[in-house]
Student: 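Quick one: this structure, given as structure tokens, is what I'll be asking you about.
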Amino acid sequence: MRETREPTDIGGRDDLDVLLRRFYTAAFADPLIGPFFTEVAGTDLEVHLPRITDFWERALFRTAAYGRDAFAPHAALHSARPLTPAHFGRWVQLWHAAVDGLHRGPLADRAKAMGERISVSMMKRLGGPGAEAEAASGGTGGFVPLAALALRAAA
């Protein structure tokens, strides 16, 4: 019989490494967003993982030195093959599922909220003037974060 443990909050870099490996394994295999990693960018997970772990460690714990431009690679992807609200929505779905599958607590909640904010921000920046206008009016190009869906369901 397999013993299950109660999920704990994200505790540090080791937890982020496990979480991000789990997330990117699913993202690479996903039929909607996987091709951006595997075909368009040709991402090597073993090269990408330390960089993205630095990003999330800095975002959540303010401990890593992440000095890269997180937007530039996404802009390059968008130039090669346009990223749509559906792509960002899938990213958020997988991110929430990966976090929820391993962690519960304030930092896990913060990681999910940050993922949503980053996704919306990227959409605004990539979408040009029309996306900026839609964002200013409270729109998100058809993208609805999972947290918003959960709030609707609870009403």
Student: Output the distance between atom CZ (Arg21) and atom CD1 (Ile52), rounded to the nearest 0.5 Å.
Tutor: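 Result: 13.5 Å between the selected atoms.
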
Student: Using side-chain heavy atoms (C-beta onward) and a distance below 4.5 Å, is Leu16 in contact with Phe61?
Tutor: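 Side chain of Leu16 against side chain of Phe61, heavy atoms only: contact under 4.5 Å found.
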
Student: What is the distance from atom CG of Asp109 to atom NZ of Lys112, rounded to the nearest 0.5 Å?
Tutor: 5.0 Å

Student: If you take all heavy atoms of Met114 and Leu60, which pair is closest and at what distance?
Tutor: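 Closest approach of Met114 to Leu60: SD-CD2, 3.8 Å.
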
Student: What's the verdict on side chain to side chain contact (heavy atoms under 4.5 Å, CB included) for Met122 and His78, showing C-alpha distance, side-chain angles and the deciding distance?
Tutor: CA-CA 10 Å; Met122 291 273 183; His78 185 68; over 6 Å; no

Student: What is the distance from atom CZ of Phe71 to atom CG of Leu126, rounded to the nearest 0.5 Å?
Tutor: 4.0 Å

Student: Can any side-chain N or O of Arg62 pair as donor or acceptor with the backbone N or O of Arg58 at less than 3.5 Å?
Tutor: yes

Student: Over 60° means perpendicular and under 30° means parallel, so classify the ring planes of Trp91 and Trp95, tilted if in between.
Tutor: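 Trp95 vs Trp91 ring planes: parallel.
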
Student: Does the His87 side chain pair with the main chain of Thr84, one donor and one acceptor, at a distance under 3.5 Å?
Tutor: yes

Student: Any donor and acceptor pair, going by atom type alone, linking the side chain of Ser121 with main-chain N or O of Arg117 inside 3.5 Å?
Tutor: no

Student: How close do Ile33 and Asp30 get, heavy atom to heavy atom, and via which atoms?
Tutor: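 Of all heavy-atom pairs spanning Ile33 and Asp30, the closest is N-OD2, 3.0 Å.
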
Student: Angle between ring planes, Phe37 versus His48, binned at 30° and 60°: parallel, tilted or perpendicular?
Tutor: tilted

Student: Which heavy atom of Arg81 sits nearest a heavy atom of Pro35, and at what distance?
Tutor: NH1-CB, 3.5 Å

Student: What distance do Leu83 atom CG and Phe36 atom CZ have between them, rounded to the nearest 0.5 Å?
Tutor: 4.5 Å

Student: Which pair of non-hydrogen atoms, one from Arg104 and one from Pro7, has the smallest distance, and what is that distance?
Tutor: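 Smallest interatomic distance, heavy atoms only, reads CG-CB, 3.6 Å.
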
Student: Can you check whether Ala59's main-chain N or O pairs, donor with acceptor, with Arg110's side chain at less than 3.5 Å?
Tutor: yes

Student: CZ/Phe28 to CG/Leu94 distance, rounded to the nearest 0.5 angstrom?
Tutor: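 Reported to 0.5 Å precision, the distance equals 12.5 Å.
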
Student: Taking atom CG of Asp9 and atom CG of Leu107, what is their separation to the nearest 0.5 Å?
Tutor: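 One gets 4.5 Å once the value is rounded to the nearest 0.5 Å.
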
Student: Looking at Leu20 and Trp56, what are the two nearest heavy atoms and their distance?
Tutor: CD2-CD1, 3.7 Å

Student: Within the structure provided, determine whether Val120 and Phe88 are in side-chain contact (heavy-atom separation under 4.5 Å).
Tutor: no

Student: What are the two closest heavy atoms between Pro50 and Arg13, and how far apart are they?
Tutor: O-NH2, 3.4 Å

Student: Okay, side chain of His103, backbone of Thr8: is any donor-acceptor separation there less than 3.5 Å?
Tutor: yes

